[in-house]
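This chain uses plain numbering: 1 for the first residue, then up along the sequence. Every number for a ligand or one of its atoms is a count from 1 in the order of the listing. Predicted, not measured: the structure shown is a model, and the values here were computed from it.
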Amino acid sequence: MPAHTLPTATILGYPRIGRRRELKRAVESYWRGASDEAELRATAKDLRAATLARLVELGLPAEGGAIPDSFSFYDQVLDATLALGAIPERFADISGSDLVTYFALARGDRDHQPLEMTKWFDTNYHYSVPEIDERTPFGANASALVERLAEAADQGIETRPVLVGPVTYLLLAKASDEAGEGFRPIDRLADVVAVYAELLRALAAAGAQWVQIDEPALVSDSLSVSREETLALVERVYAELGAIPVGERPAILLTAPYGDSSAALARLGALPVEAVQADLVRGSLPEDALASGALAEAFADTQLVAGVVDGRNIWRTDLRAAFATAERLKNAGIATVIGTSNNLQHVPHDVADETKLDARLRSWLAFADQKVAQVATLARGLSEGAAAIEPELAETERILADRAAAPGVRIDGIRSRVDAVTAEDRNRAAEGDRRDAQRGLGIPELATTTIGSFPQTAEIRKARAAHGKGEIDEETYEGFLRAEIERVIRLQEEIGLDVLVHGEAERNDMVQYFAELLDGFAVTEHGWVQSYGTRATRPSILWGDVSRPNPMTVRWSSYAQSLTERPVKGMLTGPVTILAWSFVRDDQPLSDTASQVALALRDEIDDLVDAGISIVQVDEPALRELLPLDRDRQAAYLDWSVGAFRLATAGAAPGVQIHTHLCYSEFGEIIDAVDGLDADVTSIEAARSRMDVVEPLGDHGYSRGIGPGVYDIHSPRIPSVEEQAELIRIAAARIPGEQLWVNPDCGLKTRGYDETVASLKNLVSAAQTVREAAVRA
Ligand SMILES: Nc1nc2c(c(=O)[nH]1)N[C@@H](CNc1ccc(C(=O)N[C@@H](CCC(=O)N[C@@H](CCC(=O)N[C@@H](CCC(=O)O)C(=O)O)C(=O)O)C(=O)O)cc1)CN2
Ligand SMILES: [Zn+2]
């Protein structure tokens, strides 16, 4: 038996935004200057205390490090940047408390571009990308971690501090603009490990018995080094950290969430750390090593945290199957702890809050609190024997059977339509024929447009909330939205944009809006999940077969088109993104579900075109996000995801111009897929990376329309005419003018009106400047 033992129930992390998004409100109030740092810290402290108390109530032991301290004001990678003292040189002039520096890095200000944001593995969570170079200063700053440890101890709870691990941290970092040619952040590994050693010593001195170090890089094939190299780096690092005697450091729980670590597991178990976690939902057990005894041998002095409860989805765990997996490990002689597959930050707090949800559907679900209770149940079974939890196992079995047989889960008409889909249904006319057929649209070279949404003002949200509560009637709400559409159309005409949008004022969210109108989906009232910083979404629940009872967007788009001579883009969210940002049924392949959603969208496009819309944009910002971390599974994914987009769009006649929009992507990797979408025009995020994408596009010989973003909408900064013109010139050097579109990086919904109008005016002038220069040349 290992000398340092973690209790048999644990989770990798818990949502930190608060059951009613208390942290969002407190942080945004602090940013507005409506409260000070002390008030913000007090709210955060109350929130943490409530969370810890709740976790104990749900069955996690208060003692022994079972409860992780996974709090963050904004982002766990940014927390690591502060803990490592790795403040980029360009922020050296920021003065004030750690929190002032922290938010400056996250959000930037007039004089500083914020750190770039990008997706965390294959999730809809975004982290702040560390900027590292040869001179990045590193120095341990354990103060936040130590303070929270002491705070929990005052409450009688021995928490386990959580850190993003050194290998993952550096592999997710980018080289700063000041870095020399060929520099890679991972070159600084030795310096960073020395700081982790210091952090561990500081935590031990402050009384931490356990620390959790997350190395999800272990499960990804999408990083700058191979998986084998990552494993070798992890072995080197943890040999070094593990060599510090326990006592001088806390016992270490090394985690490998978000994917399959089975091929690496025996080697991880052999490291001088006290516990290793494996994601056994996305990943599997190494059957050969388990059968031969090699796994047990590797784990002779190490606990294995079996991540059998899914931290990525909201379906009630199949407890019998999860228990069987844990028992197999235990019976093999491995000291087994029940855990989650990953941090529960990706699921909402509590199903019990969803009182408006259909009771039958609700019984099938488990949010974070239910998952914690499931972990506790399984752990009890492990220590007391299966008989002790037989009532819970039987209850789950009954509920899972009820779900499988419930009306709406399988609908014959929908299934036969999907079965009847042919290859032809996914193909449009040849690209050249479409180009000819679309000339009538009268689109100029360097056409200017936006990505769809205009600012979601407090007034819009208030009207929607009032409508939701029944305080204003259908007619009044409809009138409000029509007035808003008219305002946005006139504004775009005045700014001088070529292709207009209706502004998406009617949408609470680009996925939830559609989920509310499609059959087969449910939406939640309080099911918020952090997407980045203080921004959250309420992922919809796709539980049954999907169909479209009525048109969803025609009312708004046709009204917008009736107001103007210029083309207005119809605006839909694509099938892959609808799945990626929802909690999707786990009882059939995603590809089957995607086809159902695609057919619903296909009907919507038909209706839009019948109503006089000649350009339709189908957004797929999550196309890259769902790309499996495992290389072996990528080709199959690209095949079905691209196929679903094509099924949604290929019903459109050649004269209809299909646009798509993607953001948060490394395009190099999926350029063939973008090509495969066969959209006439694709807008992509590009401003922050200064048009990095145009080079691969040029090399690839990309022949369709492309709009690399020239205006970074993630910050309130107003990009000047010259700045945007420069980006257009960079793109124009590689891409012919008739193919090139000029647009922002993404939708404007999170921006304010003043900055939006100023930035868009500059965008139109920038396009004009470059067009005129081309005419003169
Ligand atoms: N699902 C999804 N994922 C995405 C994106 C996206 O747009 N959607 N965009 C990318 C970036 N991620 C983002 C995620 C969230 C937000 C965002 O702005 N979220 C808003 C909430 C949006 C929303 O659902 N709004 C609802 C509910 C608003 C609300 O809070 N209402 C109040 C009451 C209304 C009031 O009086 O203000 C309440 O419930 O308490 C609405 O407008 O109807 C926020 O956190 O503040 C932006 C980008 C990638 N992932
Ligand atoms: Zn976008």
Quick one: give me the number of protein N/O/S atoms under 2.8 Å from the Zn ion (ligand 2). 3
If you measure from the Lys or Arg side-chain nitrogens to the Asp or Glu carboxylate oxygens, is any gap between [X] and [Y] under 4.0 Å?
| X | Y | result |
| --- | --- | --- |
| R548 | D519 | no |
| E525 | K356 | yes |
| D75 | R16 | no |
| E459 | K462 | no |
| R555 | E478 | yes |
| E486 | R482 | no |
| K174 | E116 | yes |

The answer, listing residues by chain and number that come under 4.0 Å of ligand 1 through any heavy atom, is R21, K24, R25, K119, N124, H126, R461, R464, A465, N508, D509, M510, W528, S531, Y532, T534, R535, A536, T537, R538, W581, Y664, K749, T750
Reference residue L497; test side chain to side chain contact (heavy atoms under 4.5 Å, CB included); the match among N743, T450, L491: T450
Is there a donor-acceptor contact under 3.5 Å from the side chain of S128 to the main chain of L78? no
